[in-house]
> 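Shown below is the structure under consideration.
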Amino acid sequence: MSSLCPFAGATAGGGVCPAKSDKSISGVCPVTGKDHSSERKETTDSGEEKGTDPRMVPAKCPFGYDSNTFKLGPLSCIICQALLHESSKCKPCTHKFCKACISRFKDCPLCGADIEGIEPDAELQALVDRFIDGHARIKRSHATGDLEAANGKNKVIYEDVSMERGAFLVQQAMRAFRAQNIESAKSRLTMCADDIREELKSSDDNLDLCLQLGAVLGMLGDCCRTLGDAPSAITYYEESAEFLSKLPTKDLELVHTLSVSLNKIGDLRYYDGDLKSARNYYARSLDVRRTAVKEHSAVASQVIDLATSLAKVADVDRNLGNENAAVEGFEEAIQCLEKLKLDSEQSSLEQRRLSVLDFLRNQLADK
C-alpha cells in the first residue's frame with residue numbers, strides 16, 4: 001500500500017504532505033487523516049536531508065511562500081494566514097485583509113481602530129493574482145562543474161514545478177478553510193484542479209495525478225457544502241467518485257477518498273429526504289470498503305470505516321421500513337468492531353472504535 005498523502009510527492013522536498021510542512025496546522029492531513037506531527041526527515045551528519053541532490057539549489061520564493069517553508073508575507077492576510085483573496089482595506093486605518101475575513105470584525109485586528117468601512121484594493125489583489133500565476137516557475141541553479149557558468153555565476157534555469165504549485169495551492173486552501181474563508185479556499189482549489197487537469201492531458205495514466213484530482217474535487221465539494229450550495233457539492237463529489245472509480249482500488253488512499261466522496265453524496269441525499277438515492281451511494285461506499293478490508297484485513301482504520309458504512313446503510317434501511325435488514329447491518333457492524341483488537345499505541349483509533357460501537361448498540365436497543 002502507499003503511505004503517501006495524495007500531495008506528498010508534489011513538493012520540492014519530496015514526500016511532504018502540505019499539512020506536514022505547514023507548522024501552523026495540526027499535522028493531520030484533511031485528505032488522508034494521517035498525523036504527520038511526529039514525523040521527522042532523516043538527515044546526514046552535516047545536517048542535510050538524505051536523498052536530496054546536492055547539485056540542485058532548493059527553490060526559494062523571495063516572499064517566503066515556498067510549499068515547504070510558508071511564512072506570512074506582504075501578500076497574505078494575518079487573519080486566515082493565507083494569500084489575500086478579494087483584498088480589502090479598512091477605513092480609515094487602511095490595513096489590508098481578505099474581504100471575508102475582515103467583514104467579521106468591527107475593530108481593526110492590527111491597530112484596534114474602529115472600522116468605518118471597507119473598500120476593495122484591486123491593485124494589491126492584482127499583484128497577488130500575478131504572484132499565484134507565476135508561482136509555477138521558480139528559479140533553480142545548477143552547481144555542477146561540467147555546466148557552463150556565465151560571468152562566474154552558476155547557470156540559472158527555470159523548471160516547471162506545477163506539481164509543487166499544486167501542493168502550495170492546497171496549503172493555502174487548507175489555511176483559508178480552517179479560518180472559515182471558504183471562498184478563498186474554493187478559489188485556490190479550483191486553480192489546483194485546473195492545473196492537474198492540464199497535467200493529465202499529457203499523462204492521463206499518472207496514478208498520483210489522478211488521486212490528487214479526486215481528492216481536490218472532494219475538497220471543492222466540502223467548500224460548496226459549507227457555503228450551503230448542496231447541488232454544486234454533489235456535482236463535485238460525484239465527479240470525484242466517478243473519476244476515482246475508474247482507477248485500480250489497490251491503493252488505500254484512493255479507497256478512502258472514493259468511499260468518503262460516495263458517503264458525502266449519500267449524506268446530502270439523506271438530508272434532502274431522498275432515502276433511496278442515499279442508500280444507493282452508501283451501499284456503493286460499503287462495497288468499496290468491503291473490498292478494501294478483504295485485501296487489507298490487518299488495517300484497523302479500514303475495519304472501522306467498514307463498520308461505519310454498515311451503520312449508514314442500516315440506518316437508511318430502518319427509515320425505509322426494512323427493519324430486518326437494518327438489524328442485520330447493525331449486528332454485522334458490531335461483530336466487526338468487537339473482533340478488532342488495538343494496541344495501546346492506537347488510542348485515537350480505539351476511541352473511534354468505541355464511539356461507533358456505542359452508537360451501534362444504541363441503535364439495536366431502539367429497535
Side-chain angles (χ1 to χ4, degrees), residues 11-12 18-19 21-26 30 58-139 158 161-162 164-195 216 219-220 222-229 232:
T11 60
S21 63
D22 191 335
K23 298 298 187 293
S24 72
I25 296 177
S26 64
K60 286 291 180 182
C61 167
F63 289 102
Y65 289 107
D66 303 291
S67 296
N68 294 338
T69 56
F70 179 86
K71 300 175 183 177
L72 289 178
L75 306 182
S76 55
C77 171
I78 68 163
I79 299 175
C80 66
Q81 300 188 353
L83 287 172
L84 286 162
H85 178 69
E86 295 185 337
S87 302
S88 301
K89 57 184 176 183
C90 300
K91 296 168 60 178
C93 67
T94 73
H95 287 130
K96 300 167 184 179
F97 312 89
C98 297
K99 179 180 179 181
C101 293
I102 195 58
S103 296
R104 300 194 293 265
F105 289 81
K106 294 182 178 179
D107 302 325
C108 175
L110 270 177
C111 66
D114 291 342
I115 298 176
E116 298 177 2
I118 59 173
E119 60 183 21
D121 190 329
E123 184 176 352
L124 177 57
Q125 189 58 52
L127 178 60
V128 175
D129 294 341
R130 287 198 300 272
F131 172 79
I132 295 174
D133 288 340
H135 201 269
R137 294 189 178 276
I138 301 176
K139 285 185 179 181
Y158 282 87
V161 287
S162 56
E164 175 169 331
R165 169 181 158 95
F168 173 78
L169 289 170
V170 168
Q171 183 188 61
Q172 296 300 305
M174 289 164 59
R175 284 171 168 258
F177 191 92
R178 181 191 58 192
Q180 294 301 303
N181 190 349
I182 311 302
E183 289 290 356
S184 176
K186 183 181 176 183
S187 173
R188 309 314 179 208
L189 290 170
T190 299
M191 293 180 192
C192 185
D194 290 343
D195 282 355
V216 170
M219 294 166 75
L220 277 166
D222 291 341
C223 290
C224 292
R225 185 176 182 177
T226 303
L227 291 169
D229 186 359
S232 294

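One-based numbering along the sequence shown. Just so it is clear, the model here is predicted, and its values are computed rather than measured.
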> Heavy atoms, side chains only, cut-off 4.5 Å: are Leu110 and Cys93 in contact?
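The answer is no; the side chains never approach within 4.5 Å.
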
> Is a donor on one side and an acceptor on the other found under 3.5 Å between the side chain of Gln172 and the backbone of Leu83?
yes

> To the nearest 0.5 angstrom, please state how far the CG atom of Asp114 sits from the SG atom of Cys90.
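Rounded to the nearest 0.5 Å, the CG-SG separation comes out at 11.0 Å.
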
> For residues Ala185 and Ala176, report the shortest heavy-atom separation together with the two atoms involved.
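For Ala185 and Ala176, the tightest heavy-atom pair comes out as N-CB, 3.8 Å.
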
> Can you give me the closest heavy-atom contact between Ile115 and Ile102, atom names plus distance?
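For Ile115 and Ile102, the tightest heavy-atom pair comes out as CD1-CD1, 3.8 Å.
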
> Mind checking the CD1-CG spacing from Ile132 to Leu127? Nearest 0.5 Å is all I need.
10.0 Å

> Measuring from Phe168:CZ to Met191:CE, what's the distance to the nearest 0.5 Å?
10.0 Å

> What's the verdict on side-chain contact (heavy atoms from CB on, under 4.5 Å) for Leu220 and Lys186, showing C-alpha distance, side-chain angles and the deciding distance?
CA-CA 6 Å; Leu220 277 166; Lys186 183 181 176 183; 3.9 Å; yes

> Provide the closest heavy-atom pair for Ile78 versus Gln81 in the form atom of the first, atom of the second, distance.
O-CG, 3.7 Å

> Dump the intermediate steps for side-chain contact (heavy atoms from CB on, under 4.5 Å) on Ser187 and His85, then the final yes or no.
CA-CA 8 Å; Ser187 173; His85 178 69; 3.7 Å; yes

> Kindly determine whether Met219 and Leu189 satisfy side-chain contact (heavy atoms from CB on, under 4.5 Å), including the steps that lead there.
CA-CA 8 Å; Met219 294 166 75; Leu189 290 170; 3.8 Å; yes

> Are any non-hydrogen side-chain atoms of Lys99 and Asn181 less than 4.5 angstrom apart?
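No; the side chains remain at least 4.5 Å from each other.
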
> Where is the tightest heavy-atom contact between Ala179 and Arg104, given as atom of each residue plus distance?
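For Ala179 versus Arg104, the nearest heavy atoms are O-NH2, 3.1 Å.
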
> Can you see whether Asp129 engages Gln125 through a side-chain donor-acceptor pair at a distance of less than 3.5 angstrom?
yes

> Mind checking the OG-CD1 spacing from Ser103 to Ile118? Nearest 0.5 Å is all I need.
4.0 Å

> Less than 4.5 Å apart, any side-chain heavy atom of Val170 and any of Met174?
yes

> Taking all heavy atoms of Glu183 and all of Leu227, pick out the closest pair and write down the distance.
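Closest heavy-atom pair between Glu183 and Leu227: OE2-CD1, 3.7 Å.
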
> Are the side chain of Ser88 and the backbone N or O of Glu86 linked by a donor-acceptor pair below 3.5 Å?
yes

> Decide side-chain contact (heavy atoms from CB on, under 4.5 Å) for Phe97 and Cys108; before the verdict, give the C-alpha distance in whole Å, the side-chain angles of both, and the deciding distance to 0.1 Å.
CA-CA 10 Å; Phe97 312 89; Cys108 175; 3.9 Å; yes

> Distance from Phe177 atom CZ to Ile182 atom CD1, nearest 0.5 Å?
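It comes to 4.5 Å.
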
> Report the distance from atom NZ of Lys89 to atom CG of Leu124, rounding to the nearest 0.5 Å.
9.5 Å

> For residues Arg178 and Cys80, report the shortest heavy-atom separation together with the two atoms involved.
NH2-O, 4.4 Å

